[in-house]
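A short worksheet on the structure shown next.
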Amino acid sequence: MPEIGPTLREARMRARIDISEIESETKIRAKYLRALENEEWGLLPGPTYVKTFLRTYAEALDLDAKLLVEEYKLRHESLSDHELAPIGPPRSSARTGGGRPSGPRSIPRSYLLAGLGLALAVVIFVLSRLGGSDDQPASTAAGSSTATSATAQPTPRPTTASTAAPAPEPKKKPSTVVKLKIVPTGEVYACLRAKGQRRALINGATLTADSKVSTFRSSRFRLVLGNANAELRVDGKKRRVPSDASSAAGVFVQITKNGLSALPRSKRPDCS
């Protein structure tokens with residue numbers, strides 16, 4: 001099974017993406033992203049957020065989010081106390097050597113209720129024979145009815161505390177990361193910079209048809225080509241350079257998730 005933290009860190013560094021760029025794309029704070037890479041689970045809000053952050057981060061890096069979340073559940077989510085309780089028959093009471101219960105036998109509850117009702121009936125009969133007041137039997141009968149209902153009332157069972165509802169998972173933000181690959185078809189000068197990167201990804205190099213160029217990832221690229229001897233593949237698809245981005249001086253184009261557009265002179269990258 002993959003190591004969660006190292007897998008995230010190596011994928012990000014391999015794509016040359018700064019953690020601040022992932023923070024901007026996923027809306028997850030940088031300290032939580034670093035906690036995921038270092039597997040410092042105690043610094044995160046809770047298991048629900050850990051799984052949500054982990055899934056979002058993995059998808060931003062084009063990793064198998066489901067595999068990493070399952071690995072986290074397997075390693076770090078423990079069973080509840082209810083699931084860990086042993087299942088077995090109730091313990092029987094201690095018995096003597098003859099096989100009979102050691103304690104005295106209890107009187108059935110139905111016998112007690114019948115005896116109590118009979119005693120109350122005898123009391124009412126005696127009081128009526130002694131010539132008491134008219135309202136005395138009625139009050140005694142009312143008292144006997146109340147006592148009987150109180151005796152027959154079942155003992156309420158203790159209620160268990162309801163389980164707190166889990167915190168809602170934050171809504172998934174659409175990915176803004178673009179995958180760019182430059183395929184030279186001839187000799188061409190190239191200068192490529194990405195958002196959040198201080199160093200140029202291609203620093204004024206002359207590429208040929210035999211050059212092996214990596215696939216770069218970022219939310220925005222600024223590209224200068226000396227001529228049109230190159231194909232641009234965005235998210236695996238060949239894209240045509242806008243006509244206003246190409247001139248006799250070269251090709252100046254900006255690449256984002258929204259497409260390709262001409263790059264103003266003030267924003268052209270410098271690879272000198």
Side-chain angles (χ1 to χ4, degrees), residues 1-80 83 164-183 190 192-203 212-223 232-237 239 254-259 269:
M1 298 297 287
E3 295 289 339
I4 299 174
T7 299
L8 295 173
R9 188 185 306 107
E10 291 172 6
R12 179 177 61 81
M13 296 181 69
R14 185 166 54 251
R16 300 182 181 181
I17 302 177
D18 189 75
I19 203 163
S20 60
E21 186 175 343
I22 298 294
E23 179 184 27
S24 176
E25 177 189 350
T26 63
K27 309 304 180 184
I28 301 174
R29 298 176 63 179
K31 71 174 185 177
Y32 293 150
L33 297 175
R34 293 191 183 93
L36 290 173
E37 290 187 355
N38 297 327
E39 297 191 4
E40 297 173 334
W41 313 118
L43 300 180
L44 294 156
T48 300
Y49 284 96
V50 171
K51 289 179 284 188
T52 301
F53 291 168
L54 182 57
R55 185 182 301 108
T56 303
Y57 194 2
E59 290 175 351
L61 296 174
D62 289 340
L63 296 175
D64 191 336
K66 182 178 180 180
L67 178 62
L68 293 179
V69 171
E70 291 299 324
E71 178 66 11
Y72 168 79
K73 291 180 180 179
L74 179 63
R75 293 186 180 183
H76 303 287
E77 281 195 345
S78 60
L79 296 175
S80 65
E83 293 171 322
E169 295 186 358
K171 294 183 178 179
K172 180 181 176 182
K173 299 293 183 180
S175 176
T176 59
V177 174
V178 178
K179 293 185 289 187
L180 172 65
K181 186 175 180 64
I182 303 173
V183 182
L192 177 65
R193 288 185 176 272
K195 179 182 178 181
Q197 299 287 333
R198 295 183 178 179
R199 298 177 58 185
L201 301 179
I202 301 178
N203 193 15
K212 302 297 182 181
V213 183
S214 302
T215 298
F216 302 101
R217 301 169 187 263
S218 180
S219 60
R220 185 182 66 196
F221 294 99
R222 292 183 295 163
L223 173 65
L232 301 183
R233 296 180 183 175
V234 180
D235 291 334
K237 297 181 180 179
R239 301 296 296 273
Q254 178 171 268
I255 304 158
T256 65
K257 202 70 174 179
N258 296 328

Considering residues at least two apart in sequence or located in another chain, which fulfil the side-chain contact (heavy atoms from CB on, under 4.5 Å) criterion with [X]?
| X | result |
| --- | --- |
| Glu10 | Pro6, Arg14 |
| Ala190 | Ile202, Leu207, Leu225 |
| Arg193 | Ala200, Arg222, Pro269 |
| Val69 | Lys51, Leu54, Arg55, Lys73 |

What are the two closest non-hydrogen atoms of [X] and [Y], and how far apart are they?
| X | Y | value |
| --- | --- | --- |
| Leu223 | Ile182 | CD1-CD1, 3.8 Å |
| Ala60 | Glu25 | CB-OE2, 3.8 Å |
| Lys257 | Thr176 | CB-O, 4.1 Å |
| Ala30 | Glu23 | N-OE2, 3.1 Å |

Contact check, side chains of [X] and [Y], non-hydrogen atoms, under 4.5 Å:
| X | Y | value |
| --- | --- | --- |
| Pro47 | Trp41 | no |
| Leu201 | Leu180 | no |
| Val178 | Asp235 | yes |
| Leu43 | Lys31 | no |

Applying side chain to side chain donor-acceptor pair (under 3.5 Å), can you list everything that pairs with [X], at least two apart in sequence or on another chain?
| X | result |
| --- | --- |
| Thr215 | none |
| Glu37 | Arg12, Tyr57 |
| Asn38 | Arg9 |

Supply the atom-to-atom distance [X] [atom1] to [Y] [atom2], rounded to the nearest 0.5 angstrom.
| X | Y | atom1 | atom2 | value |
| --- | --- | --- | --- | --- |
| Leu192 | Phe221 | CG | CZ | 6.0 Å |
| Leu44 | Arg29 | CG | CZ | 11.5 Å |
| Leu232 | Arg239 | CG | CZ | 9.5 Å |
| Ile17 | Ile22 | CD1 | CD1 | 4.5 Å |
| Leu36 | Ile28 | CG | CD1 | 7.0 Å |
| Asp18 | Met13 | CG | CE | 10.5 Å |

Please name all residues satisfying salt bridge (Lys or Arg N to Asp or Glu O under 4.0 Å) with [X], sequence neighbours left out, ordered by chain then number.
| X | value |
| --- | --- |
| Lys181 | none |
| Asp62 | Lys179, Arg217 |
| Arg233 | Glu231 |
| Arg220 | none |

Answer yes or no: is there a donor N or O on one side and an acceptor on the other, between the side chain of Glu59 and the main chain of Ala65, under 3.5 Å?
no

Test your reading of the model: is there a side-chain donor-acceptor pair from Gln197 to the backbone of Arg16, 3.5 Å cut-off?
yes

Testing Glu3, Glu70, Glu39 one by one against Arg75 for a side-chain hydrogen bond (donor to acceptor under 3.5 Å, both in side chains), which residue passes?
Glu3

Can you tell me if NZ on Lys66 sees more than 12 non-hydrogen neighbours from other groups inside 6.0 Å?
no

Non-neighbouring partners of Tyr32 that pass ring-ring contact (aromatic ring centres under 6.0 Å, His included), sequence neighbours left out:
Phe53

